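Here is the structure we will look at, set down as structure tokens.
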Amino acid sequence: MMKIGRDLATENLVKGQSVYGERLVRKRGKEFRVWEAKRSKVGAALQKGMKIPFKDDAKILYLGVASGTTASHISDLTPKGMIFGVDPAPRVLRDFLLLSETRSNLVPIFADANRPEKYRHIVPDVDMIIQDVAQPNQSQILMKNVNMYLKKGGLAFVAIKSRSIDVTANPNKIFSEFKHAVKGLELIQEKRLEPFEKDHMALLLKK
Ligand SMILES: C[S@@+](CC[C@H](N)C(=O)[O-])C[C@H]1O[C@@H](n2cnc3c(N)ncnc32)[C@H](O)[C@@H]1O
């Protein structure tokens, strides 16, 4: 990962491929994809200074992978790893399936993350869970998957959108309730995602 101007960028694993219309930039003989922070909550958290260690051989369970905008950058960062992307929405998962045909470290899983036992036959124990599901019960979804898949010492990145949990409540109240609900995990870092996303918070937690 490197900085190009104000943006972060990842070295492109698939030369010439732009996944979601992001700019490709050549630097020192290598090709990089600009990571648009307004299109990716992990990208926004990194821009806000969160330090997320991505090991190049990490196994990652991604809940709410959608069409793979963010997962594509994580794919660049983990060339020897594997990203298991879960989503129950057929339209977006179809796009992720097409993306996975071009990148061997992506595995699409058509499933609901409320039922983690449904993908036990595909997903091994993982080093990291990323969750971006924008659901009212997302703390329960996270804990079920952490309990079933995350290795001890593993990390969980969570994006919380307060309006998806309660439209009327004060975002700070939602964020502190979320932290309370996952208090079995150690809170490593937290960042508000403004100006990239309004009323969002990202947490990095450790098991
Ligand atoms: C904000 S989008 C994710 C964007 C994606 N993380 C990215 O940055 O490229 C939220 C996604 O969560 C998915 N989702 C909602 N409920 C879910 C559940 N129970 N299990 C897994 N995914 C879910 C939605 O289908 C949607 O694709």
Side-chain angles (χ1 to χ4, degrees), residues 1 7-10 13 17-22 33-48 50 52 54 60-78 83-100 102-103 105-120 122-123 126 128-150 155-167 174 178 181-182 191 193 196-204:
M1 189 156 41
D7 299 314
L8 290 171
T10 52
L13 198 58
Q17 183 188 54
S18 168
V19 174
Y20 55 97
E22 75 284 9
R33 301 170 48 233
V34 170
W35 194 336
E36 293 187 14
K38 286 200 166 152
R39 302 278 304 272
S40 164
K41 281 147 222 159
V42 175
L46 291 166
Q47 278 282 14
K48 291 293 301 274
M50 185 177 269
I52 311 173
F54 288 107
I60 298 176
L61 174 60
Y62 195 133
L63 310 173
V65 74
S67 53
T69 300
T70 297
S72 67
H73 287 288
I74 299 173
S75 157
D76 287 342
L77 295 171
T78 58
I83 301 160
F84 301 88
V86 177
D87 208 294
R91 261 210 27 200
V92 289
L93 200 77
R94 192 180 53 201
D95 291 340
F96 185 62
L97 177 69
L98 293 174
L99 182 67
S100 73
T102 66
R103 291 172 172 257
N105 60 357
L106 298 180
V107 179
I109 300 174
F110 180 52
D112 178 345
N114 280 294
R115 306 286 308 276
E117 68 283 1
K118 294 274 185 190
Y119 36 87
R120 185 76 261 195
I122 307 173
V123 180
V126 297
M128 186 183 287
I129 292 180
I130 295 178
Q131 180 182 266
D132 180 15
V133 292
Q135 292 296 312
N137 67 333
Q138 69 176 84
S139 60
Q140 286 139 273
I141 295 178
L142 179 71
M143 290 316 294
K144 282 187 200 173
N145 283 273
V146 160
N147 292 336
M148 193 168 281
Y149 294 104
L150 190 61
L155 296 172
F157 171 96
V158 196
I160 312 161
K161 177 180 178 181
S162 73
R163 275 172 292 144
S164 297
I165 294 177
D166 185 335
V167 205
I174 302 280
F178 187 97
V182 299
K191 296 282 175 198
L193 298 185
F196 306 109
E197 299 276 0
K198 192 168 178 284
D199 296 337
H200 279 66
M201 174 166 264
L203 303 180
L204 191 66

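In listed order, ligands and their atoms are each counted from 1. Here the structure is a predicted model, which is why all the values come from computation and not from measurement. Hydrogens, waters and symmetry mates play no part in the numbers below; they use all other heavy atoms, side chains included.
Below 3.5 Å of separation, one finds an N or O of A113 facing an N or O of ligand 1. Between G64 and ligand 1, an N or O atom pair is found at a separation short of 3.5 Å. The distance criterion of under 3.5 Å between nitrogen or oxygen atoms is not met by S40 with respect to ligand 1.
Using a cut-off of 4.0 Å between Lys/Arg side-chain N and Asp/Glu carboxylate O, D132 and K161 are scored as not salt-bridged.
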Output, in order, the C-alpha distance, side-chain angles, deciding distance and verdict of side-chain hydrogen bond (donor to acceptor under 3.5 Å, both in side chains) for T102 and Q17. CA-CA 9 Å; T102 66; Q17 183 188 54; 2.9 Å; yes
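Every atom of ligand 1 with a heavy atom of D112 under 4.0 Å away is listed here by number and element: 18 (C), 19 (N), 20 (N). For ligand 1, the atoms lying closer than 4.0 Å to a non-hydrogen atom of Y62 are 5 (C), 6 (N), 7 (C), 8 (O). Of all atoms in ligand 1, numbered sequentially from 1 with element shown, those under 4.0 Å from a heavy atom of N114 are 19 (N).
Tested against H73, the residues Y62, Y20, F54 include a single ring-ring contact (aromatic ring centres under 6.0 Å, His included) partner, Y20.
Counting only heavy atoms of the protein, atom 10 (C) of ligand 1 lies nearest to D132 O, 3.2 Å.
With a 6.0 Å radius and a threshold of 12 heavy atoms from other residues, nucleotides or ligands, K118 has its NZ atom at or below the threshold.
Look at P88 and you'll find a heavy atom under 4.0 Å from some atom of ligand 1.
Ring geometry for Y119 against Y149 counts as parallel: the plane angle stays under 30°, on a 0 to 90° scale with 60° as the upper cut.
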